[in-house]
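Written out below as structure tokens is the structure these notes cover.
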Amino acid sequence: MGAAQLSNGLRRRKVNVVLLFLCLWSLFSLSCARSLSSSTSRQKLQLQKHLNRLNKPPIKTIQSPDGDTIDCVHISQQPAFDHPFLKDHKIQTRPSYHPEWGFDDNKISKGRTNSITQLWHMNGKCPEDTIPIRRTKQEDVLRASSVKSYGKKKHRSIPKPRSADPGLINESGHQHSIAYVEGDKYYGAKATINVWEPKIQQPNEFSLSQIWVLGGSFGEDLNSIEAGWQVIYIYVYIYIYYCCSSINSVNMLLIELKSDAYQATGCYNLLCSGFIQVNNDIAMGASISPVSAFRNSQYDISILIWKDPKEGNWWMQFGNGYVLGYWPSFLFSYLAESASMIEWGGEVVNSQADGQHTSTQMGSGHFPEEGFGKSSYFRNIQVVDSSNNLKAPKNLGTFTEQSNCYDVQTGSNGDWGHYFYYGGPGRNPNCQ
């Protein structure tokens with residue numbers, strides 16, 4: 001009997017232990033589930049708040065054939081005015097000076113002859129006193145590494161000529177083929193940029209072609225204004241970017257307003273407070289069409305960035321007549337006066353996902369030596385000098401980190417002025 005009672009007692013203790021373990025496991029699982037549910041709810045709430053900040057109430061909405069939604073937002077309600085320093089800002093509806101037209105205001109609204117358009121134009125137009133803003137979707141934000149990183153560009157991505165250290169290339173993940181000038185004071189830049197649709201290997205990679213207007217020092221306090229076209233995922237779009245503000249007294253959701261040599265700040269398009277748009281025809285971040293084809297029709301866009309000598313703001317123009325808007329001068333430290341370097345060219349992200357160089361293409365995906373109709377180009381590249389006139393660049397240099405992956409070749413003639421072909425296929429037998 002004693003042995004039987006002992007055995008029954010042990011079984012009861014085992015049952016009790018098992019039941020206790022199951023009870024604890026159930027409580028732990030329930031706690032984890034509640035914690036996970038709570039975390040998911042917080043993330044959804046954070047995401048929705050973020051979308052509410054980005055997507056302003058529209059006066060009119062236009063559906064684009066490519067699936068985008070374009071919101072026509074009153075010009076005074078655009079994201080720029082979320083900035084505390086712009087609460088009482090009086091919108092400058094047009095620049096006081098233009099490098100091509102001088103002080104002739106009448107010319108600013110004329111000459112819209114560029115052959116490239118945006119797909120949403122097929123379904124409507126935004127009214128006067130509104131600006132078109134591509135509506136940010138949930139999936140746009142979720143593609144970023146975090147909600148806070150959405151709309152930002154990774155640090156250390158500005159090409160630094162003569163610095164092609166392999167360790168730096170691998171660390172930054174960005175590669176370039178550019179032409180550049182430095183050693184003077186520059187008050188703007190212009191170029192006509194060939195538009196293609198290069199293939200992208202990985203969802204976290206991109207390929208772009210643009211102008212960089214730079215002020216300050218690499219690694220210290222670098223300001224940048226950038227504009228061009230970019231391919232992410234499935235379409236080509238026009239975009240703008242700026243980095244980095246000189247004000248560190250206020251934290252915004254997407255951009256910490258401080259000068260930090262491109263380490264953390266900066267913002268695409270209208271995704272944070274900065275650029276003030278005055279044009280109701282062009283939506284930043286919306287797709288452009290048509291694009292060039294190999295040995296076929298070629299399409300290009302003209303981009304001009306310049307500093308208004310009277311107001312001090314940096315303006316941007318797309319095509320021959322679309323004066324899009326401006327970056328207020330207070331956003332910058334070094335660029336508050338002038339730029340110290342101008343760069344034109346291409347950039348890709350090389351994530352080396354499979355341990356090899358990416359096959360993401362730059363430009364047309366073909367090397368410069370193939371020439372017109374095959375390789376991508378920048379033509380009529382110019383700078384704005386201290387007299388606020390467009391001039392040919394002096395002492396034009398070139399730079400690429402790995403010329404067997406992407407390359408650049410310059411030239412000049414009577415029709416194209418100073419020009420260059422650039423780009424390449426990325427991974428190939430000579431680029432691994």
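If you're wondering where the values come from, they're calculated on a predicted model, not measured in any experiment.
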Next on the checklist: Show, in sequence, the C-alpha distance, side-chain angles and deciding distance for Asp385 and Lys394, and conclude whether the salt bridge (Lys or Arg N to Asp or Glu O under 4.0 Å) test is met.
Outcome noted: CA-CA 11 Å; Asp385 66 11; Lys394 294 181 180 179; over 6 Å; no
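- Looking only at distances, a side-chain donor or acceptor of Trp306 sits under 3.5 Å from a matching main-chain atom of Tyr97.
- Side-chain atoms of Asp308 and Gln92 include a donor-acceptor pair closer than 3.5 Å.
- For Trp315 and Tyr326, the distance between ring centers is under 6.0 angstrom.
- A donor-acceptor contact shorter than 3.5 Å is absent between the side chain of Gln402 and the backbone of Asn404.
- Each of Thr360, Thr358, Asn350 was checked for a side chain to side chain donor-acceptor pair (under 3.5 Å) with Gln175, and the lone residue meeting it is Asn350.
- Between Tyr422 and His176, the gap from one ring centroid to the other reaches at least 6.0 Å.
- Of the charged side-chain nitrogens involved, at least one lies within less than 4.0 Å of a carboxylate oxygen, so that Asp281 and Lys125 count as a salt-bridged pair.
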Checklist entry - When you look at Glu205 and Ser351, which way does the side-chain hydrogen bond (donor to acceptor under 3.5 Å, both in side chains) test go after all the steps? => result CA-CA 7 Å; Glu205 297 179 340; Ser351 63; 2.6 Å; yes
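- In this structure the side chain of Ile381 reaches within 4.5 angstrom of the side chain of Pro393, judged on heavy atoms.
- The stretch residues 391-432 participates, sequence neighbours left out, in these disulfide (SG to SG under 2.5 Å) pairs: Cys405-Cys431.
- Contact check for Trp229 versus Asp300: no side-chain heavy atoms found under the 4.5 Å cut-off.
- A donor-acceptor pair is defined here as one N or O able to donate and one able to accept, closer than 3.5 Å; such a pair exists between the side chain of Ser364 and the backbone of Lys374.
- Under the rule for a side chain to side chain donor-acceptor pair (under 3.5 Å), the partners of His121 that lie at least two apart in sequence or sit in another chain are Thr117.
- Using modelled atom types, no side-chain atom of Gln356 and backbone atom of Gln352 make a donor-acceptor pair closer than 3.5 Å.
- Distance alone, capped at 3.5 Å, places no donor-acceptor pair between the Glu343 side chain and the Ala179 backbone.
- Taking NE2 of His83 as the reference point, atom CD1 of Ile276 lies at 10.0 Å (rounded to 0.5 Å).
- When the side-chain contact (heavy atoms from CB on, under 4.5 Å) test is applied to Asn413, the partners found at least two apart in sequence or on another chain are Asp415, Trp416, Tyr419.
- Atom CD1 of Ile288 is separated from atom CG of Asp66 by 11.5 Å, given to the nearest 0.5 angstrom.
- With 3.5 Å as the limit, one finds a donor-acceptor pair spanning the side chains of Trp196 and Asn194.
- No donor-acceptor contact under 3.5 angstrom links the side chains of Asn123 and Ser64, judged on distance only.
- The shortest non-hydrogen separation linking Ile62 to Cys72 is CD1-SG, 4.0 Å.
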Checklist entry - What's the verdict on side-chain contact (heavy atoms from CB on, under 4.5 Å) for Trp212 and Ile342, showing C-alpha distance, side-chain angles and the deciding distance? => result CA-CA 6 Å; Trp212 289 262; Ile342 306 292; over 6 Å; no
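- Between the side chains of Ser302 and Thr192, a donor-acceptor pair is found at a separation under 3.5 Å.
- Contact annotation: the side chain of Ile282 never approaches that of Pro132 to less than 4.5 Å [non-hydrogen atoms, C-beta and beyond].
- The closest side-chain heavy-atom distance from His89 to Phe81 is below 4.5 Å.
- When each of Gln77, Gln78, Lys56 is paired with Ile131, the side-chain contact (heavy atoms from CB on, under 4.5 Å) condition holds for Gln78 and for no other.
- With hydrogens and angles ignored, the 3.5 Å screen pairs a side-chain donor or acceptor of Asn55 with a backbone N or O of Thr136.
- Side chain of Asn313 to main chain of Ser329: a donor-acceptor pair is present (N/O by atom type, distance under 3.5 Å, no hydrogens or angles).
- To the nearest 0.5 Å, atoms CG (Leu390) and CG (Leu304) are separated by 6.0 Å.
- Using a 4.5 Å heavy-atom threshold, the side chains of Tyr187 and Pro99 count as separate.
- The closest donor-acceptor contact from the side chain of Asn223 to the backbone of Ser333 lies under 3.5 Å.
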Checklist entry - Between His418 and Phe420, does a side-chain contact (heavy atoms from CB on, under 4.5 Å) hold up when you go through it step by step? => result CA-CA 7 Å; His418 287 270; Phe420 61 90; over 6 Å; no
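- Summarising the geometry, atom CD belonging to Glu197 is positioned 10.5 Å from atom OG belonging to Ser207; distances are rounded to the nearest 0.5 Å.
- Among all heavy-atom pairs drawn from Ser224 and Glu226, the shortest one is OG-OE2, 2.8 Å.
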Item to check | Stepwise side-chain hydrogen bond (donor to acceptor under 3.5 Å, both in side chains) test for Thr69 and Gln63 | outcome: CA-CA 5 Å; Thr69 299; Gln63 294 300 136; 3.2 Å; yes
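- For residues 206-215, the set of pairs meeting the salt bridge (charged side-chain N to carboxylate O under 4.0 Å, His left out) definition, not counting sequence neighbours, is empty.
- Side-chain contact check for Tyr186 versus Ser338: every heavy-atom pair is 4.5 Å or farther apart.
- Phe206 places none of its side-chain heavy atoms less than 4.5 Å from the side chain of Val348.
- For Leu86 against Pro328, the heavy-atom pair with the smallest separation is CD2-CG, 4.2 Å.
- Between the side chains of Gln201 and Ser359, at least one donor N or O lies within less than 3.5 Å of an accepting N or O.
- Contact check on Lys307 versus Glu337 returns no salt bridge, with no Lys/Arg side-chain nitrogen under 4.0 Å from an Asp/Glu carboxylate oxygen.
- The aromatic ring centroids of His357 and Tyr406 lie less than 6.0 Å from each other.
- A 6.0 Å sphere centred on CG of Asn296 holds more than 12 heavy atoms belonging to other residues, nucleotides or ligands.
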Item to check | Trace of the side-chain contact (heavy atoms from CB on, under 4.5 Å) decision for Ile178 with Trp344 | outcome: CA-CA 5 Å; Ile178 64 165; Trp344 302 263; over 6 Å; no
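- For the residue pair Ser287/Gln118, the side-chain donor-acceptor check at 3.5 Å is not satisfied.
- Put simply, the side chain of Lys190 reaches to within 4.5 Å of the side chain of Glu100, judged on heavy atoms.
- Using modelled atom types, no side-chain atom of Asn269 and backbone atom of Ala283 make a donor-acceptor pair closer than 3.5 Å.
- For the residue pair Thr400/Ser177, the side-chain donor-acceptor check at 3.5 Å is satisfied.
- Looking at Asp68, its side chain never comes within 3.5 Å of a backbone N or O of Ala286 through a donor-acceptor pair.
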Next on the checklist: Is there a side-chain contact (heavy atoms from CB on, under 4.5 Å) between Ile70 and Thr61? Walk through the geometry before answering.
Outcome noted: CA-CA 6 Å; Ile70 304 299; Thr61 295; over 6 Å; no
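- Looking at residues two or more places apart in sequence or on another chain, you find a side-chain contact (heavy atoms from CB on, under 4.5 Å) between Lys199 and Gln361.
- A salt bridge is absent between Lys391 and Asp184; no separation between the charged side-chain nitrogens and carboxylate oxygens falls under 4.0 Å.
- With sequence neighbours excluded, the residues forming a side-chain contact (heavy atoms from CB on, under 4.5 Å) with Ile59 are His74, Thr130, listed by chain and number.
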